[in-house]
Amino acid sequence: TPPRWSSGFTLAQHGALAVWAVQTLLPLATLARLTWTGEGLQSTLQPALRELGFSFGVAGAAALLSLPLAWLVLDTLPRHARLHTFGWLLFLPAAIPAPLVGIGLITLWNRPIFNALYATAWMPILAALARFAPLAVLLTLAQQQRVDPLLWDAARIFQANDHHASWRVRLPLLAPGLLAGASLVFALTLGELGATLIVAPPGQSTLTLRIYNYLHYGASDVVAGLCLVMVLLTLAAGAVGVLALAWGARRATLSEPHRTTLL
């Protein structure tokens, strides 16, 4: 049964939502005004299509690769692992400054045996995974904690083997958490700068790096247009994650007739 919050707590939630709306809509409106009073969005975006494509490639690859990593981590955790026990381990990478992540990747991969990987597009992808993949694990673990335990018990009893249960039952139940985690990794990778600035391959740049370079020349209307694109893409990825979590909440529990049948 969902908890019943007090009226004061509900009022605080509404206040937090109002603050979030102001913090989101006000910068968005300001960026839109600066963009349309300048060169316009199309003129601003046209020279940056290469960087936009590279950003999509890096963010998409990081999001996709975070899925098997999240799955493997969940397999190694105890079956009844709790967020309060293992969550702090997943947040450790977030405590490491981004430049140190970039320096660590250079120290690790700048060796003759890794010449085929070093100074390529894989380095920004590895930087994004090092920083944000644990967050995908955290969301997937949270989804696992929301699933009715009777569903896991039924899967182990009625499926032919563990692999069959994983693909037929466990993967569909964890899919919302995996999708939400991938969306979060995608959104955060789009805006990643600190580590990407250090490990970006020569001749290739992300949209965030282009914005960073433009800031030195005072091109405020161009920066506003590119930042507007970044905000819209991040909001779209965040919307996918929120919808995935809402979908997961509906799939995670058994209806009362099904629960009675299993019991």
Side-chain angles (χ1 to χ4, degrees), residues 23-24 27-28 31 44-45 47-70 73 89-110 114 117-140 178-216 222-242 244:
Q23 291 180 332
T24 302
L28 191 62
L31 291 174
T44 301
L45 192 58
L49 288 179
R50 181 180 177 185
E51 288 80 1
L52 181 61
F54 185 68
S55 296
F56 259 92
V58 171
L64 290 176
L65 290 175
S66 68
L67 299 181
L69 289 177
V73 171
L89 289 174
L90 301 177
F91 278 115
L92 277 180
I96 302 176
L100 288 183
V101 174
I103 294 171
L105 288 173
I106 291 176
T107 304
L108 179 63
W109 296 103
N110 188 16
F114 298 131
L117 180 67
Y118 187 73
T120 67
W122 280 104
M123 294 301 292
I125 296 172
L126 292 175
L129 288 174
R131 298 200 62 204
F132 307 128
L135 300 180
V137 177
L138 188 65
L139 282 178
T140 310
L178 290 169
L179 180 58
S183 301
L184 180 62
V185 172
F186 183 89
L188 293 176
T189 302
L190 278 178
E192 210 289 320
L193 176 64
T196 305
L197 184 65
I198 296 176
V199 301
Q204 292 182 302
S205 173
T206 62
L207 191 61
T208 309
L209 287 177
R210 189 177 183 92
I211 294 172
Y212 176 79
N213 292 327
Y214 271 140
L215 285 173
H216 294 282
V222 177
V223 170
L226 296 180
C227 287
L228 179 61
V229 173
M230 185 74 68
V231 170
L232 294 176
L233 291 174
T234 303
L235 287 176
V240 172
V242 170

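Residue Val101 comes nearest to Ala127 through the heavy atom pair CG1-O, 4.3 Å, listed as atom of the first residue, atom of the second, then distance. The two residues Thr234 and Ala187 make their nearest non-hydrogen contact at CG2-CB, 4.0 Å. Heavy-atom minimum distance, Ala70 versus Leu178: CB-CD2, 4.1 Å. Ser183 and Ala237 make their closest contact through CB-O, 3.4 Å (heavy atoms, listed as atom of the first residue, atom of the second, distance). Nearest heavy atom pair, residue Glu192 against residue Ala98, reads OE2-CB, 3.8 Å. Here the closest non-hydrogen pair linking Thr196 and Leu209 is CG2-CD1, 4.1 Å.
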Hey, mind stepping through Trp109 and Leu126 against side chain to side chain contact (heavy atoms under 4.5 Å, CB included) and telling me if it holds? CA-CA 10 Å; Trp109 296 103; Leu126 292 175; 3.7 Å; yes
Decide side chain to side chain contact (heavy atoms under 4.5 Å, CB included) for Val73 and Thr140; before the verdict, give the C-alpha distance in whole Å, the side-chain angles of both, and the deciding distance to 0.1 Å. CA-CA 10 Å; Val73 171; Thr140 310; over 6 Å; no
Can you list the steps and then say if Tyr118 with Val199 is a side chain to side chain contact (heavy atoms under 4.5 Å, CB included)? CA-CA 9 Å; Tyr118 187 73; Val199 301; over 6 Å; no
Might you work through the side chain to side chain contact (heavy atoms under 4.5 Å, CB included) test for Leu188 and Arg131, ending with a clear yes or no? CA-CA 9 Å; Leu188 293 176; Arg131 298 200 62 204; over 6 Å; no
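When the options Asn213, Ile211, Leu31 are evaluated for a side-chain contact (heavy atoms from CB on, under 4.5 Å) with Val223, the one that passes is Ile211.
Tyr212 OH: 12 or fewer foreign heavy atoms inside a 6.0 Å radius.
Taken to the nearest 0.5 Å, the CD1 atom of Ile103 stands 13.5 Å off from the CG atom of Leu108. Leu65 contributes atom CG, which lies 5.5 Å from atom CH2 of Trp122 (distance to the nearest 0.5 angstrom). In this structure, CG in Leu193 is found 7.0 Å from OG1 in Thr206, a value given to the nearest 0.5 Å. The structure places CZ of Arg210 at 10.0 Å from CZ of Arg50, a figure rounded to the nearest 0.5 Å. In this structure, the separation between CG on Leu139 and CG on Leu179 is 10.5 Å, given to the nearest 0.5 Å. In this structure, CG in Leu197 is found 10.5 Å from OG1 in Thr208, a value given to the nearest 0.5 Å.
Under a 3.5 Å cut-off, the side chain of Ser66 and the backbone N or O of Leu129 do not form any donor-acceptor pair. Remark: the backbone N or O of Leu207 is paired with a side-chain donor or acceptor of Ser55 at under 3.5 angstrom.
A 4.5 Å side-chain heavy-atom check between Phe56 and Leu233 finds at least one atom pair inside the cut-off.
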